[in-house]
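For clarity, every value in this text was computed on a predicted model and none was experimentally measured.
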Amino acid sequence: MASMMEKKQLFYATCLPFFGFFALYDVLIFPNAAKIEPSMSTVMSYIGASTGGTAVVSSIISHWTSALFYVVAEVYASVSIGILFWQFANDVVPVSQAKRFYPLFAQMSGLAPIFAGQYVVRYASRAKDFSSSMHRLNLLLVASGIAICILYQITTNYIASQNNEIDVIASASEENAGKLTTTKKKKPKMSMVESAKFLAGSKYLRLISILVIGYGLSINFTEILWKSLVKKKYPNALDYQRFMGNFSSVLGFSTCIVIFLGVQVIRILGWRAGALATPSAMAVLALPFFACVLLGLDNPMNLHIAVVLGTIQSLLSKTAKYAMFDPTTQMAYIPLDDESKVKGKAAIDVLGSRIGKSGGSFILQGLVLAFGNIINAAPAVMIVFYSVLLAWIAAANQLSGLFADKTAKNEAQKKD
């Protein structure tokens with residue numbers, strides 16, 4: 001699509017199908033879910049005995065509309081920030097202004113979960129039933145989509161008018177000076193295979209990719225287990241909505257605060273301390289959470305404690321990611337040459353992020369099929385979780401030495 005469309009067309013072609021789906025889901029799919037979804041008995045007649053892992057598969061098929069909504073929402077969450085927003089920001093914000101505006105973007109991003117969480121708590125979850133609540137949620141999604149398109153149109157029109165004025169001045173200046181214009185280098189678009197080949201040729205980039213994959217895998221392992229416990233504690237869908245809405249608001253508020261603290265920690269203690277902070281914090285925080293789950297959840301008090309510990313672990317892990325992991329990962333690209341910097345980031349964006357998120361989901365699906373449900377699979381999840389963290393910490397330690405060496409060489413070359 002990127003090779004066939006202009007950037008503006010590509011933006012709308014990427015986001016409009018998502019907003020169209022949410023509108024279609026609200027007015028057509030969800031109201032008729034009972035008619036278009038097969039019953040559990042029908043699914044079982046094809047699959048067979050619905051026990052263990054097959055029970056999960058049967059449940060997904062018999063509630064395929066809800067599963068589809070979840071998948072589309074998850075994909076949009078990645079596309080909206082990772083592709084639509086940051087690609088647009090990288091196109092319109094010059095390097096000289098990046099230090100000024102990018103921290104502001106990160107700060108503003110913390111306001112979104114605060115507002116969305118309170119919308120769910122104070123309005124969506126107060127509906128008379130879950131159907132009405134879903135309608136209120138989809139109403140906000142579609143309204144937000146319309147607002148995004150309008151703001152994008154206004155912004156691009158303004159930038160185009162500014163660029164036209166600059167081009168006229170630049171053209172007149174070049175004609176007088178007899179200079180030739182230069183074209184801006186575009187970020188390479190790499191396939192999965194091309195990304196893997198490029199990363200294979202650089203130890204430095206491989207270590208960065210391990211950091212990215214490590215976070216994606218580990219946060220998936222604990223978050224899905226924690227959410228299953230929250231669902232067990234709050235079986236009513238509206239109560240679950242209320243809890244997650246409050247969690248989202250606290251996460252957004254915490255993010256706004258820790259972004260300032262993270263910068264200071266890296267500045268004072270150095271890159272290595274910042275890079276090790278996130279996996280170390282996740283390892284320590286997850287230990288009491290897993291211990292509580294392994295002791296059993298039949299007692300309501302044990303379940304309550306496990307939910308509290310999981311909430312703290314998930315909250316602090318994500319805030320550590322924004323405060324420490326993201327800045328140190330982006331800093332790791334700075335000492336690289338231009339080709340490695342541009343192509344390496346493109347490769348890791350394509351390969352690392354996909355393996356991290358998708359790989360964690362596939363591993364958990366395999367464990368669920370093997371153990372019957374995610375809670376029974378908790379011991380295996382814990383083993384895999386800490387194995388990933390050990391690999392992540394080892395990679396961060398190695399990368400720290402390479403980062404220091406490359407930074408020292410670059411500074412020496414500048415002095416020469």
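- Between the Asn32 side chain and the Lys35 main chain, no donor and acceptor come within less than 3.5 Å of each other.
- The backbone N or O of Thr328 lies less than 3.5 Å from a partner atom in the side chain of Trp271, making a donor-acceptor pair.
- A cation-pi arrangement is present between Arg136 and Tyr123, with the terminal nitrogen or guanidinium carbon under 6.0 Å from the aromatic centre and inside a 45° cone about the axis.
- Side chains of Gln153 and Tyr12: a donor on one and an acceptor on the other come within 3.5 Å.
- A 6.0 Å sphere centred on CZ of Arg122 holds no more than 12 heavy atoms belonging to other residues, nucleotides or ligands.
- Across all their heavy atoms, Leu297 and Cys292 have their closest contact at CD2-O, 4.2 Å.
- Side chain of Ser125 to backbone of Val120: a donor-acceptor contact under 3.5 angstrom is found.
- Evaluation of the side chain to side chain contact (heavy atoms under 4.5 Å, CB included) rule for Ala33 yields Glu37, Thr65 as partners, not counting sequence neighbours.
- A 4.5 Å side-chain heavy-atom check between Val250 and Ser254 finds at least one atom pair inside the cut-off.
- If you take CG on Leu225 and CG on Asn220, they are separated by 12.0 Å, rounding to the nearest 0.5 Å.
- With contacts defined as side-chain heavy-atom distances shorter than 4.5 Å, the pair Thr222/Ser314 does not qualify.
- Counting only heavy atoms from C-beta outward, the side chains of Phe21 and Leu68 approach each other to under 4.5 Å.
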Where do Trp226 and Thr311 land on the side-chain hydrogen bond (donor to acceptor under 3.5 Å, both in side chains) test, with the steps shown first? CA-CA 7 Å; Trp226 164 66; Thr311 302; 3.1 Å; yes
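- Checked by atom type and distance alone, the side chain of Ser400 never pairs as donor or acceptor with a backbone atom of Asn397 at under 3.5 Å.
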Test side-chain contact (heavy atoms from CB on, under 4.5 Å) on Val381 and Leu364; report intermediate values, then the result. CA-CA 8 Å; Val381 173; Leu364 288 175; 3.9 Å; yes
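- Nearest heavy-atom pair, Pro288 versus Leu309, reported as atom, atom and distance to 0.1 Å: O-CD1, 3.6 Å.
- The main-chain N or O of Leu315 is found under 3.5 Å from a side-chain atom of Thr319 such that the two form a donor-acceptor pair.
- Annotation: side chain of Ser249 is not in contact with side chain of Val121 (no heavy-atom distance under 4.5 Å).
- The CG atom of Asn246 lies 12.5 Å from the CG atom of Leu251; values are rounded to the nearest 0.5 Å.
- Distance alone, capped at 3.5 Å, places no donor-acceptor pair between the Ser62 side chain and the Met40 backbone.
- Between the side chain of Asn138 and the backbone N or O of Met134, at least one donor-acceptor pair lies under 3.5 Å.
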Could you walk me through whether Thr42 and Ser39 pass side-chain hydrogen bond (donor to acceptor under 3.5 Å, both in side chains), step by step? CA-CA 5 Å; Thr42 302; Ser39 64; 2.8 Å; yes
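- Residue pairs meeting the salt bridge (charged side-chain N to carboxylate O under 4.0 Å, His left out) criterion with at least one partner in residues 210-238, sequence neighbours excluded, are Glu223-Lys318.
- Closest heavy-atom contact between Gly359 and Leu217: C-CD2, 3.6 Å.
- Ala124 and Ser133 get closest at one heavy-atom pair: O-OG, 2.9 Å.
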Would you sort out whether Phe11 and Ile148 count as a side-chain contact (heavy atoms from CB on, under 4.5 Å), showing the intermediate values? CA-CA 11 Å; Phe11 182 93; Ile148 287 171; 3.9 Å; yes
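- With 3.5 Å as the limit, one finds a donor-acceptor pair spanning the side chains of Asp129 and Ser132.
- The shortest distance between side-chain heavy atoms of Phe30 and Phe130 falls below 4.5 Å.
- The heavy-atom pair separating Gln398 from Leu207 by the smallest distance is CB-CD1, 3.8 Å.
- Side-chain contact between Ile374 and Leu367: absent, with no pair of heavy atoms (C-beta onward) separated by less than 4.5 Å.
- Going from atom CG of Leu389 over to atom OH of Tyr215 covers 11.5 Å, rounded to the nearest 0.5 Å.
- In this structure, Ile159 CD1 and Ile154 CD1 are separated by 12.0 Å, a value rounded to the nearest 0.5 Å.
- Smallest separation of non-hydrogen atoms from Ala395 and Ile210: CB-CG2, 3.5 Å.
- At least one donor-acceptor pair under 3.5 Å links the side chain of Thr329 to the backbone N or O of Phe325.
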Under the side-chain contact (heavy atoms from CB on, under 4.5 Å) criterion, do Arg126 and Leu238 qualify, and how do the steps go? CA-CA 8 Å; Arg126 301 296 179 185; Leu238 296 179; over 6 Å; no
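- Classification of the Tyr76-Phe19 ring pair by plane angle, with boundaries at 30° and 60°, yields perpendicular.
- Between the Tyr240 side chain and the Val230 main chain, no donor and acceptor come within less than 3.5 Å of each other.
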Begin with the C-alpha distance, continue with both residues' side-chain angles, and end with the deciding distance and a verdict on ring pair (Phe, Tyr, Trp, His ring centres under 6.0 Å) for Tyr204 and Phe403. CA-CA 8 Å; Tyr204 191 93; Phe403 176 77; 7.3 Å; no
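- Residues Ile312 and Phe289 fail the side-chain proximity criterion, which asks for heavy atoms closer than 4.5 Å.
- For the residue pair Trp392/Ser218, the side-chain donor-acceptor check at 3.5 Å is not satisfied.
- Counting only heavy atoms from C-beta outward, the side chains of Leu294 and Met382 approach each other to under 4.5 Å.
- One finds the CD1 atom of Ile29 at 4.5 Å from the CG atom of Leu24 (value rounded to the nearest 0.5 Å).
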Working note: Val388 + Phe221, criterion side-chain contact (heavy atoms from CB on, under 4.5 Å); need CA distance, chi angles, decisive distance, verdict. CA-CA 10 Å; Val388 170; Phe221 294 149; 4.0 Å; yes
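- Residues Phe290 and Phe385 place their aromatic rings such that the two centres sit under 6.0 Å apart.
- A donor-acceptor pair under 3.5 Å is formed between the side chain of His63 and the backbone N or O of Ser59.
- The structure places OH of Tyr25 at 11.5 Å from CG of Leu141, a figure rounded to the nearest 0.5 Å.
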